[in-house]
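Heads up: the structure comes next, in structure tokens.
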Amino acid sequence: MTSARLEFRDVSRSFDDGARSTVLALRNTSFTLARGQCLRVLGPSGAGKSTLLSLACGLLLPTTGEVLLDGEPFSRWRESFRAEARRRRMSVVVQGLSLVSSMTVLENVLLAAIPDGLSSRASRDRAHAWLERLGIADLALANVERLSGGERQRVALARALSAPTAELIVLDEPSAHLDASRTEAVVAALRERLDAGASALVATHDPRLDLLGEALRLPEREVAL
Ligand code: ADP
Ligand code: MG
């Protein structure tokens, strides 16, 4: 498998909330995620963890600074190129990157199989295996519109972990809706991907994920007065 190197160079991201105030969601953040490395993104609620993950997969662009994938700044890529890179090279589970609501659970998970061109039999088997492992096999043919938030997150996770060739894995709180044995399955799968050369950014406070990699700690957000 090929692998990706991700770099944040002095990245800040702010949001205009309409009228007067601007929220500085992420401030002057720099790090390098080497090939095969996992960083656990930690920090209090509101510190910018989810914002950092959206920047990492090119769903958001920085206000200042650069996010580079294999040395190329996302800011120079067209939106369609970033979407293509996400589809072909990444496994992403973040808020705001949702499931396709007109499809079933199984169809959504099978979307992950398209880039690698594997036979549909192998992809279906892999998709089913992940639905089993995450405890949602009985929902395979359900329309995703009917699912609860926790079930949707598990479908998104099954989709991410079914993508066999993803070079960069970006997960926001992956164990939030999983019990112990299912969390173990996710950790084992991530371990396997990392050993095969993938890189991962995982926002989590779950100590069961501690061994996956080093911590990247975001400070509490300063509230502008
Ligand atoms: P965390 O995931 O660490 O809880 P977030 O990245 O979700 O933090 O949010 C950091 C800050 O940025 C919060 O104050 C949040 O309200 C704000 N924020 C995040 N996304 C947006 C957005 N799309 N529009 C406005 N404010 C946002
Ligand atoms: Mg968050």
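In each ligand, atom 1 is the first atom listed, and ligand 1 is the first ligand listed.
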Non-hydrogen side-chain atoms of Glu66 and Val11 separated by less than 4.5 Å: no
Ser30 versus Asp10, side-chain donor and acceptor atoms under 3.5 Å: no
Atom 12 (O) of ligand 1: the protein heavy-atom neighbour that sits closest, reported with distance to 0.1 Å: Ala25 CB, 3.1 Å
Shortest non-hydrogen separation from Val109 to Ala127 and the atoms involved: CG1-CB, 3.5 Å
Atom CD of Glu79: over 12 foreign heavy atoms under 6.0 Å: yes
Close N or O approach (Phe15, ligand 1; < 3.5 Å): no
Close N or O approach (Val23, ligand 1; < 3.5 Å): no
Top protein contact for atom 4 (O) of ligand 1, by heavy-atom distance: Gly46 N, 2.7 Å
Part of Thr51 with heavy atoms under 4.0 Å of ligand 1, whether side chain, backbone, both or neither: both
Distance in Å, Leu59 CG paired with Ser54 OG, rounded so as to fall on 0.5 Å steps: 5.5 Å
Heteroatom proximity flag, Gly48 to ligand 1, N/O under 3.5 Å: yes
Heteroatom test (N, O or S) for Gln95 near the Mg ion (ligand 2), limit 2.8 Å: no
Any side-chain heavy-atom pair of Phe8 and Leu26 under 4.5 Å: yes
Any Leu52 side-chain heavy atom under 4.5 Å of Leu201 side chain: yes
Gly43 near ligand 1 by a heavy-atom separation under 4.0 Å: no
Residue portion contacting ligand 1 (non-hydrogen atoms closer than 4.0 Å) for Pro44: backbone
Row check, Phe74 ring normal vs Arg76 NZ/CZ: under 6.0 Å, within 45°: no
Protein non-hydrogen atom below 4.0 angstrom of atom 16 (O) of ligand 1 present: no
For atom 7 (O) of ligand 1, the protein heavy atom that lies nearest, with its residue and separation: Ser50 CB, 3.6 Å
